[in-house]
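Input: a single structure, listed below in structure tokens.
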Amino acid sequence: MPDIAAVKAALSAQRIETPSWGYGNSGTRFKVFARPGVPRDPYEKLDDAAEVHARTGVAPRVSLHIPWDRVDDYAALAAYAKERGLEMGAVNSNTFQDDDYRLGSVCHPDPKVRRKAVDHLLDCVDIMDATGSKDLKLWFADGTNYPGQDDIAARQDRLAESLAEVYARLGDDQRILLEYKLFEPAFYATDVPDWGTAYAHCLKLGPKAQVVVDTGHHAPGTNIEFIVALLLREGRLGGFDFNSRFYADDDLMAGAADPFQLFRIMHEVVRGGGLGPAAGVAFMLDQCHNVEEKVPAVIRSVMNVQEATAKALLVDADALAAAQRAGDVLAANAVLMDAYATDVRPLLRELREERGLDPDPVAATLRSGRLERIAAERAGGAQAGWGA
């Protein structure tokens, strides 16, 4: 049986990275519902991230998005984060919002557009240098809508050439994390649609290029934990973008739609040795909180990942292996289901109390009066987010 002390130690060591954009306004393609107290600049986003970390104790890293988090002095931004017990996580690029990228960015047939996109990615590496970030996270909206619109193979050549230039610019301790997505906004052929395409490009680039698995970026029924197990086996799992979906890339709170899937994923992470900090797997959230309060929603997402991780750590690995060797299908499945059925909330409440934290982070934030205070303090100005 798992050692509870070891389970607590693993949970205490886990780090979950929160997204700066998760604290801003977002919505559907029809409407963005603004809420009082939403950050007006990257500094206020960091203030909200510090609240999440203070309540959970496991969320010190914050992902930046450029240009949404552009500032004049990135070293000052990093220093501000450090003062609040935070550090910079991945720098996320944006090659999908300019009119020039209508037909793609790094895969565009026009070399001038590709040059613009690559220059932006290189600029993001400069920001990594200034902030101490180790990861450049790349997601490309590139693709085509119609057969014959462009040469599919040539677009892969352009992608490889662009990635190689950016890879050469990385420092010794920096990585490219290449994300994939089945579709959106391209409807005929997306240039990085699946883990295999991302993995192939990472293999050619070298060991500092790894794959990001966004849990919302797959066709219905895809066995995401199989992808996780394979990439871990190959040493190419760079990280996760945790969210939840009912239909497509819904970006709901992690575990909201299918907590059993999140458990299955974390089981493969634990089994494959990917949980500890030395493994280098970044447990990032990529979510948009459209109708709920931002900070409590991020806290709840962190807690959901913790709960799935705790259940995965409670799997009796010896009993599971014995059942698998014996070909006992029912017993093997029962081992997993027993762990999943365990109520780990008392364990996590106990762990938080041992670390001097409130056992209920969401309730603690709501009781603190902080939401009411920032609603008053942040009145006026332009809220962070995107319009629709």
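Scope of the values below: all heavy atoms of this structure, side chains included, with no hydrogens, waters or symmetry mates. Bear in mind that the values here come from a model prediction, so they are computed numbers and not experimental data.
Atom CG in D214 sits 9.0 Å away from atom CE in M284 (nearest 0.5 Å). Rounded to the nearest 0.5 angstrom, T342 OG1 and E307 CD are separated by 12.0 Å. For the atom pair CG (L163) and CD1 (I176), the distance works out to 5.5 Å, reported to the nearest 0.5 Å. We find the CD-CE distance between E17 and M88 to be 9.5 Å, quoted to the nearest 0.5 Å. Annotation: the span from S20 atom OG to L64 atom CG amounts to 5.5 Å, rounded to 0.5 Å. Atom CD of E179 is separated from atom OG of S93 by 9.5 Å, given to the nearest 0.5 angstrom.
Residue-environment remark: CZ (R355) exceeds the threshold of 12 foreign heavy atoms within 6.0 Å. Environment of CD in E377: crowded, with over 12 heavy atoms of neighbouring residues, nucleotides or ligands closer than 6.0 Å. The environment of CZ in F226 is sparse: at most 12 heavy-atom neighbours from other residues, nucleotides or ligands sit within 6.0 Å.
At distances below 3.5 Å, not a single donor-acceptor pair connects side-chain atoms of N333 with backbone N or O atoms of V329. Judged by distance alone, the side chain of T131 and the main-chain N or O of A78 form no donor-acceptor pair under 3.5 Å. The main-chain N or O of D100 is never found under 3.5 Å from a side-chain atom of D98 such that the two would form a donor-acceptor pair. Remark: the backbone N or O of P361 is paired with a side-chain donor or acceptor of T365 at under 3.5 angstrom. Using modelled atom types, no side-chain atom of D250 and backbone atom of L252 make a donor-acceptor pair closer than 3.5 Å. A side-chain donor-acceptor contact under 3.5 Å links S301 to the backbone of A297. Listed for the Q174 side chain is no donor-acceptor partner under 3.5 Å among the backbone atoms of L170. Panel note: side chain N304, backbone A254; a donor-acceptor pair is recorded below 3.5 Å. Listed for the Y199 side chain is no donor-acceptor partner under 3.5 Å among the backbone atoms of V211. Remark: side-chain polar atoms of E87 are not paired, donor with acceptor, to backbone N or O of K82 under 3.5 angstrom.
Neither V212 nor W139 shares a network with the other; the hydrophobic side chains, linked directly or stepwise wherever heavy atoms of I, L, V, M, F, W or Y lie under 4.5 Å apart, form separate groups for each. Taking hydrophobic clusters as Ile, Leu, Val, Met, Phe, Trp and Tyr residues chained together by side-chain heavy-atom distances below 4.5 Å, V113 does not share a cluster with F140. No single ILVMFWY cluster, assembled from side-chain heavy atoms under 4.5 Å apart, contains both V315 and M266. Linking Ile, Leu, Val, Met, Phe, Trp and Tyr whenever their side-chain heavy atoms come within less than 4.5 Å puts Y23 and V71 in one cluster. V302 and L262 fall within a single hydrophobic cluster, where Ile, Leu, Val, Met, Phe, Trp and Tyr side chains are chained together by heavy-atom contacts under 4.5 Å.
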Could you go through the salt bridge (charged side-chain N to carboxylate O under 4.0 Å, His left out) check for K181 and D249 one step at a time?
CA-CA 9 Å; K181 189 171 186 178; D249 187 24; 2.8 Å; yes

Run L138 and N92 through side chain to side chain contact (heavy atoms under 4.5 Å, CB included) and show every step you take.
CA-CA 6 Å; L138 305 178; N92 292 253; over 6 Å; no

Side chain to side chain contact (heavy atoms under 4.5 Å, CB included) between K112 and K116, intermediate numbers included
CA-CA 6 Å; K112 294 194 293 291; K116 173 180 176 178; over 6 Å; no

Working note: K45 + D69, criterion salt bridge (charged side-chain N to carboxylate O under 4.0 Å, His left out); need CA distance, chi angles, decisive distance, verdict.
CA-CA 9 Å; K45 292 178 184 178; D69 293 320; 2.6 Å; yes

Determine, step by step, whether K137 and D241 satisfy the salt bridge (charged side-chain N to carboxylate O under 4.0 Å, His left out) criterion, reporting the C-alpha distance in whole Å, the side-chain angles of both residues, the deciding distance to 0.1 Å, and the verdict.
CA-CA 10 Å; K137 186 142 71 72; D241 273 359; 3.0 Å; yes

Using the side chain to side chain donor-acceptor pair (under 3.5 Å) rule, take N243 and Q287 through it: C-alpha gap first, then chi angles, then the decisive distance, then the call.
CA-CA 6 Å; N243 50 55; Q287 302 175 178; over 6 Å; no

Pair D99, Y101 - check side chain to side chain contact (heavy atoms under 4.5 Å, CB included), show working.
CA-CA 5 Å; D99 286 345; Y101 299 141; over 6 Å; no

Full working for side chain to side chain contact (heavy atoms under 4.5 Å, CB included) between R158 and V106
CA-CA 6 Å; R158 300 168 199 151; V106 293; over 6 Å; no

Worked check of side chain to side chain donor-acceptor pair (under 3.5 Å) between E184 and H217:
CA-CA 9 Å; E184 191 186 48; H217 285 190; over 6 Å; no

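Ring-plane geometry between F263 and Y340 is classed as tilted, the angle between the planes lying from 30 to 60 degrees on a 0 to 90 degree scale. The aromatic rings of F242 and F240 sit parallel, their planes meeting at an angle under 30°, below the 60° perpendicular limit.
Here the rule is side-chain hydrogen bond (donor to acceptor under 3.5 Å, both in side chains) with R115, and of H120, H108, E165 only E165 fits it.
Salt bridge R370/D47: absent, no basic N to carboxylate O contact under 4.0 Å. A salt bridge is absent between D358 and R55: the closest approach of a Lys/Arg side-chain nitrogen to an acidic carboxylate oxygen does not fall below 4.0 angstrom. Ion pair D258/R245 not flagged as a salt bridge, since none of the NZ, NE, NH1 or NH2 atoms sits closer than 4.0 Å to an Asp/Glu carboxylate oxygen. Using a 4.0 Å cut-off between charged side-chain N and carboxylate O, E350 and K8 make a salt bridge.
Looking only at side-chain heavy atoms (C-beta outward), P42 and W68 stay at 4.5 Å or farther from each other. Side-chain contact between N223 and I227 is absent, with no heavy atoms from C-beta onward closer than 4.5 Å.
Side-chain rings of Y188 and Y146 stay apart, their centers remaining 6.0 Å or farther from each other. Aromatic ring centres of F183 and H218 lie farther apart than the 6.0 Å criterion allows.
Taking both residues in full, the closest heavy atoms of G22 and K294 are given as O-CB, 3.8 Å, listed atom of the first, atom of the second, then distance. Among all heavy-atom pairs drawn from I224 and T215, the shortest one is CD1-O, 3.6 Å. Between E292 and R35, the shortest heavy-atom contact is O-CD, 3.5 Å. The shortest heavy-atom contact between V58 and L11 is CG1-O, 3.9 Å. Among all heavy-atom pairs drawn from A49 and T18, the shortest one is CB-OG1, 4.1 Å. The two atoms that bring Q210 and R236 nearest to each other are CB-O, 3.6 Å, heavy atoms only.
There is no side-chain donor-acceptor pair under 3.5 Å between Q306 and R345. Between D150 and T144, the side chains place no donor N or O within less than 3.5 Å of an acceptor N or O (distance only, hydrogens not considered).
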